[in-house]
Trainee: 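Structure in structure tokens, see below.
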Amino acid sequence: MVQATSRKLQATSIEIILVACSFRLVACSSYLCTMNKKVRVRFAPSPTGGLHLGGVRTVLFNYLFAKKHGGDFILRIEDTDQTRFVPGAEEYIFQTLEWCGLIPDESPKHGGPHAPYRQSERKAMYMQYAEQLVQAGYAYYAFDTPEELEAMRNDFKTAENPSPQYNQFIREKMRNSLTLGEEEVTRLISEGMPFVIRIKMPAGETVSFTDMIRGEVSFQTDQVDDKVLLKADGMPTYHLAVVVDDYLMKISHAFRGEEWLPSAPVHILLWKYLGWENEMPEWAHLPLILKPDGNGKLSKRDGDRLGFPVFAMDWTDPKTNETTIGFRERGFLPEAFVNLLAMLGWNDGTDQEIFTITELIEKFSMDRVHKGGAKFDYEKAKWYNHEWIKQSDATKLAPFVQQILAANNIDVTDSNILHHVIDLVKERCTLLSDFTAQSRFFFQSPTQIDIDAIKPKWDEKKNLFFTELIRAYELSTLWEASDLEKEFKELAAANQLKPGELMLPFRIMLVGGKFGPGVFDIAALIGKIETVARIKHTLGLLS
RNA sequence: GCCCGGUUCGUCUAUCGGCUAGGACAUCUCCCUUUCACGGAGGAAAGACGGGUUCGAUUCCCGUACCGGGUACCA
């Protein structure tokens, strides 16, 4: 009996081991095999201007993945191109992340154990790795001037090969440490001849890796050129910097745009040549966000051309002083912006489209990220914002609305009234900026009265009705919307008029035009004095 | 040119070999509302093409086409 039980137990434990093993196998075929490794992701923008939709989406996917797996999200500034430095761009990136609520755990601003997080400040570190590669024969010095490179491209340009590369064949014909001989190289360097360090791409090899989104991707090394690793000014290029920093910062998963896919073999080889192959992060190349109307990556210009924002927030170019509109200033709620970005290339497999950031973190998974690029649809973007405005309560909306109203010279003193107004009008506001037109009349008498909408059907009977309505309302002791409606309708009946014919004129008197929530709600909220005054005013215009 | 990636309604997408191909935005019709919205009901609208594999392909494989990305001492 005891034996039987223990055998049974044994069987069960074997089963458990089997299950565990198969789980392990499955897990190891995917990025989950780094479960034992702390998840650390990074977003590494170059501070050259406003942060684009696609950039923020890359941030978002990084952030969601990190938070989902209890990991860290690092912001690293890739400012290795000093010629492209734009003042204010870095601060703009921080403000954008803050507005979106995607706060890094480590960054130049927040600090962290791997500081500095600005590549320009890490300059000294890169040289040794480049030298290490040269010593090991994986890289070489190249002394070719920009003019010589230009000449090479011209000389070797043919119809079949319009853009010749500095590759395994061409390098034999150029001035570098592979062709020059050791003495000459030492001499040139000691004389202060500017040089770059290039990777020596091997001949006839295949470089493969498993992309988290695309699966296995392979490249022939013969097709890849000898990319510059270290520039003449001593700064690394992206290729070297991304590998060195991802290694030093212990990045576990590297997400970036699809435009980086062709240079992936260079990076893979670098990880290998530097001896860090086992530490290499999992790669994921995110699909691009495309122009709505045709071909190519979405750019700032498309927004200008088609009339929608592309940057997260307003960006003023310090050189031209030109401002490009951002989603924030256009009237988007940060939650809506994040939500719509998440849905560009990802979904949770259900019909749900509205997600809070908490839900996104909970439900996000890389294997539901799309391979194909997505055309940006501004109409759909607005729909997300509208949904968010509708489902947000007045308390949440109030600060945004108050600020917008203030910017439009509408003073709000009573927050109760503001909340009430927001509840009344929010369903007709697609953008936060719509609150101005939709609620101005609650706080100010309309300056423009659409009198033409009343005139055609205006007659003495109606004139009399409104004169009586003034009296009735003046005497009224109750001032709820339902009371006002009741009085209005009773008076209409007494005058043998249909209330419907009178409601439009009444609305125009209060609002100025054919829009807005229920008239009696408006009258109730603006109060007796204001209601009566507005009726009188329009009556004056009609006589 | 070469290399890499992608391809389901106009747009974003679901589908992990069984499909009368589902949802959302936009669009159209109607209802609600004597404003504008919101809301509700409905309509039109898709698997680039050609070969395989299979009892059966949108789904798997190959080719073609098309689209995109890359081809810098830019990222």
Trainee: Has A/Lys455 got its NZ or CZ under 6.0 Å from the middle of the six-membered ring of A/Trp458, at an angle within 45 degrees of the ring axis?
Mentor: no
Trainee: Contact class for A/Ala232 (heavy atom, under 4.0 Å): base, sugar-phosphate, or nothing?
Mentor: base
Trainee: Mind checking whether A/Phe520 and A/Phe488 have ring centres under 6.0 Å apart?
Mentor: yes
Trainee: Using a heavy-atom cut-off of under 4.0 Å over every strand shown, decide if A/His370 touches base, sugar-phosphate, or nothing.
Mentor: sugar-phosphate
Trainee: Regarding A/Thr158, tell me which of base, sugar-phosphate or nothing describes its non-hydrogen contacts under 4.0 Å with the strands shown.
Mentor: nothing
Trainee: Who pairs with A/Asp81 by side chain to side chain contact (heavy atoms under 4.5 Å, CB included), at least two apart in sequence or on another chain?
Mentor: A/Thr83, A/Arg84, A/Lys231
Trainee: Please tabulate, for side-chain N and O atoms in residues 422-430 of chain A, each donor-acceptor pair with protein atoms closer than 3.5 Å (sequence neighbours left out).
Mentor:
from	atom 1	to	atom 2	distance (Å)
A/Lys426	NZ	A/Lys390	O	3.3
A/Lys426	NZ	A/Ser392	O	2.7
A/Arg428	NH1	A/Gly516	O	3.0

Trainee: Under 4.0 Å, counting only non-hydrogen atoms across every strand here, what does A/Val217 touch: a base, just sugar-phosphate, or nothing?
Mentor: sugar-phosphate
Trainee: If the C1' atom of B/rA48 is compared with that of B/rC3, how far apart are they to the nearest Å?
Mentor: 23 Å
Trainee: Does the cation-pi check pass for A/Arg171 over A/Tyr166, that is, NZ or CZ under 6.0 Å from the six-membered ring centre and within 45° of its axis?
Mentor: no
Trainee: Describe the nucleic acid contact of A/Pro517 in one word from base, sugar-phosphate, nothing, applying a heavy-atom distance below 4.0 Å.
Mentor: base
Trainee: So if I take residues 49-61 of chain A and measure heavy-atom distances to RNA chain B, which residues fall below 4.0 Å?
Mentor: none
Trainee: Give A/Gly372 one of three labels, base, sugar-phosphate or nothing, depending on what nucleic acid heavy atoms sit under 4.0 Å from its own.
Mentor: sugar-phosphate
Trainee: For nucleotides B/rC16 and B/rG63, find the distance between their P atoms and express it as a whole number of Å.
Mentor: 26 Å
Trainee: Have a look at A/Arg256 and say if it touches a base, only the backbone sugar-phosphate, or nothing, with a 4.0 Å heavy-atom cut-off.
Mentor: nothing
Trainee: Mind checking the C1' distance from B/rU27 to B/rG69? Whole angstroms is fine.
Mentor: 33 Å
Trainee: So what does A/Phe219 hit on the nucleic acid, given a heavy-atom distance under 4.0 Å: a base, only sugar-phosphate, or nothing?
Mentor: sugar-phosphate
Trainee: Between A/Asn161 and A/Thr158 (side chain of the first, backbone of the second, donor and acceptor by atom type, cut-off under 3.5 Å), is there such a pair?
Mentor: no
Trainee: Looking at residues at least two apart in the chain, or sitting in another chain, which of them share a salt bridge (charged side-chain N to carboxylate O under 4.0 Å, His left out) with A/Asp293?
Mentor: A/Arg305
Trainee: Sequence neighbours excluded, which residues qualify as salt bridge (charged side-chain N to carboxylate O under 4.0 Å, His left out) partners of A/Arg57?
Mentor: none
Trainee: Describe the nucleic acid contact of A/Asn161 in one word from base, sugar-phosphate, nothing, applying a heavy-atom distance below 4.0 Å.
Mentor: base
Trainee: Which word best sums up how the rings of A/His285 and A/Trp283 line up, parallel for under 30°, tilted for 30 to 60°, or perpendicular for over 60°?
Mentor: parallel
Trainee: Below 4.0 Å from chain A heavy atoms, what is the first contacting nucleotide of RNA chain B and what is the last?
Mentor: B/rG1 to B/rA75
Trainee: Have a look at A/Gly518 and say if it touches a base, only the backbone sugar-phosphate, or nothing, with a 4.0 Å heavy-atom cut-off.
Mentor: base
Trainee: Counting any heavy atom closer than 4.0 Å, what does A/Arg214 reach on the DNA or RNA strands: base, sugar-phosphate only, or nothing?
Mentor: sugar-phosphate
Trainee: Checking all strands, does A/Glu160 fall into the base, sugar-phosphate, or nothing category for heavy-atom contacts under 4.0 angstrom?
Mentor: base
